[in-house]
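So you know, we letter chains A, B, ... as the sequences are listed, proteins then strands, and number each from 1.
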2 protein chains.
Amino acid sequence: MAESAKAQETSVRILDAAEILFVEHGFDGTSMRLITQSAAVNIAAVNYYFGSKDGLYRAVFERRTEPFAKLTIANIDALEREKTAPGAEDIVDAFIKSALQLGSDPALGGLTFVKLLARAYVEPHPILKESMPRRYGEVVRRYAAALQKALPHLSETEVHWRFHFLTSAMFSAFAGNNVLRLFMEQPKTNARDPMQVSRMLMPFLVAGLTAPAAN
Amino acid sequence: MAESAKAQETSVRILDAAEILFVEHGFDGTSMRLITQSAAVNIAAVNYYFGSKDGLYRAVFERRTEPFAKLTIANIDALEREKTAPGAEDIVDAFIKSALQLGSDPALGGLTFVKLLARAYVEPHPILKESMPRRYGEVVRRYAAALQKALPHLSETEVHWRFHFLTSAMFSAFAGNNVLRLFMEQPKTNARDPMQVSRMLMPFLVAGLTAPAAN
DNA sequence: TTCACATTCAAACGTATGTTTGAAACTATA
DNA sequence: TATAGTTTCAAACATACGTTTGAATGTGAA
């Protein structure tokens, strides 16, 4: 057992560097040498602390996963404590607020982790297929259940679909993976301020959720 | 000049195999050997026909880009020919119809190309940064302009944001990159039928677009 | 059939990858 | 200061990567 300050510093530097590089270049596009150079540590340090590149990937997520889950659950808890029958707007607000808190707090991972999550949707790694649902399953269930109560005119299936749309739009917007940037030279939506993003998001998502059922 | 049937067959087999593999494993995660084995061609064939792996990536997109752009433009043209003042619902319908046509027509790339586009949002390759906006800029401008007319109560910026949300949700849904799948063991939204997806999408997107302005 | 060209192929190219090694340097306890 | 355990380091490991080569094969026109 060491846990010396210096040892922690090394493994944390690796995690910080890897988190950023995985966002920028993806898992396969990020080499061990790039990570260790960026973190200013010897290349063997990754295997020493995390066993393998896969192990590092897992560790990068595990560091952020629990705090973010706790945050979102705390927000829905607080909402349901304050209001007996929260509406769709309240629930969206609690959900967006969670992402906003995460994005603005570097201690939780900040925007980097939001982007990493957004990338993980599309670029799945076997390592995440089991660990993420285990921890975030509860989060989804809680918000989906609250939405179902607030939107009794919708079937369970339709509520899940709308929650899916909501999550896609929200993470994509916060992560700055501007879909339009791929299609336009100078998109008008390049504001990076998360508060501005959430201000634009709210009316869109609330209206979308509360819309009449399909058909 | 050869353009023999066999030569075409080889380069097309490579394109078909690469398109699928790039969706599954991304650009960096897909090796030349995997592509050529999957296409049942010699490994040197990729460099012979496309110059390099980058050249192949470009070719995979170039084959699909133009037909899809033509399709979406044709749909907005038809709409504006039929209706003098199309509403948000009409415009969303035309946009979704384009993705639906693309997704259901293997000759246009089918769902595979939809997924490839969805992946390209998050995993940008320098090669796409210039070619995509050049061809899709017009598409975005046309739909954004039509939406602006239909939603005069919204600022230009807000229209662009909402179009961005719309596009994120739509592509994510069609591509089947189920965000909730990363978070739940058995999401209730695993229907893969694009028609069913668009039925769920429509009311959500139309309501979101027509919502009152922020603040 | 001949010939010029297009296409295929097995093999090798140099480089980059993730990982391992074993010794050196450091740290904390006695 | 001596010693045991932790951490760092340069170097090398085997393997995989994208690419190139040069000969073999196939193809269509003269």
Value in whole Å for how far the [atom2] atom of [N] lies from [atom1] of [X]:
{"X": "B:F50", "N": "D:dT19", "atom1": "CZ", "atom2": "P", "result": "13 Å"}
{"X": "B:E9", "N": "C:dA6", "atom1": "CD", "atom2": "P", "result": "19 Å"}
{"X": "A:K53", "N": "D:dA16", "atom1": "NZ", "atom2": "P", "result": "15 Å"}

Choose from [options] the nucleotide whose nearest atom is closest to any side-chain atom of [X].
{"X": "A:A44", "options": "C:dT8, C:dA11, C:dT20", "value": "C:dT20"}
{"X": "B:S52", "options": "D:dT19, D:dT7, D:dA12", "value": "D:dT19"}
{"X": "A:Y48", "options": "C:dT8, C:dT20, D:dT6", "value": "D:dT6"}

Just checking A:T30: base, sugar-phosphate only, or nothing, at a heavy-atom cut-off of under 4.0 Å?
sugar-phosphate
Pairing of A:K115 and A:E24 as salt bridge, 4.0 angstrom limit:
no
Would you confirm whether the ring centroid of B:Y57 sits within less than 6.0 angstrom of the ring centroid of B:F50?
no
Aromatic ring centroids of A:F165 and B:F165 under 6.0 Å?
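Aromatic pair excluded; centres sit 6.0 Å or further apart.
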Pairwise distance CG(B:D16) to CD1(B:I35) - rounded to 0.5 angstrom
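Taking CG in B:D16 and CD1 in B:I35, the distance rounds to 12.5 Å.
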Does a side-chain N or O from B:N42 land closer than 4.0 Å to OP1 or OP2 of C:dT7, or not?
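False: B:N42 side-chain N/O out of range (4.0 Å or more) of C:dT7 OP1/OP2.
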Looking at B:S31, I'd like to know whether one of its side-chain N or O atoms comes within less than 4.0 Å of OP1 or OP2 on D:dC17.
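Indeed, a polar side-chain atom of B:S31 lies that close.
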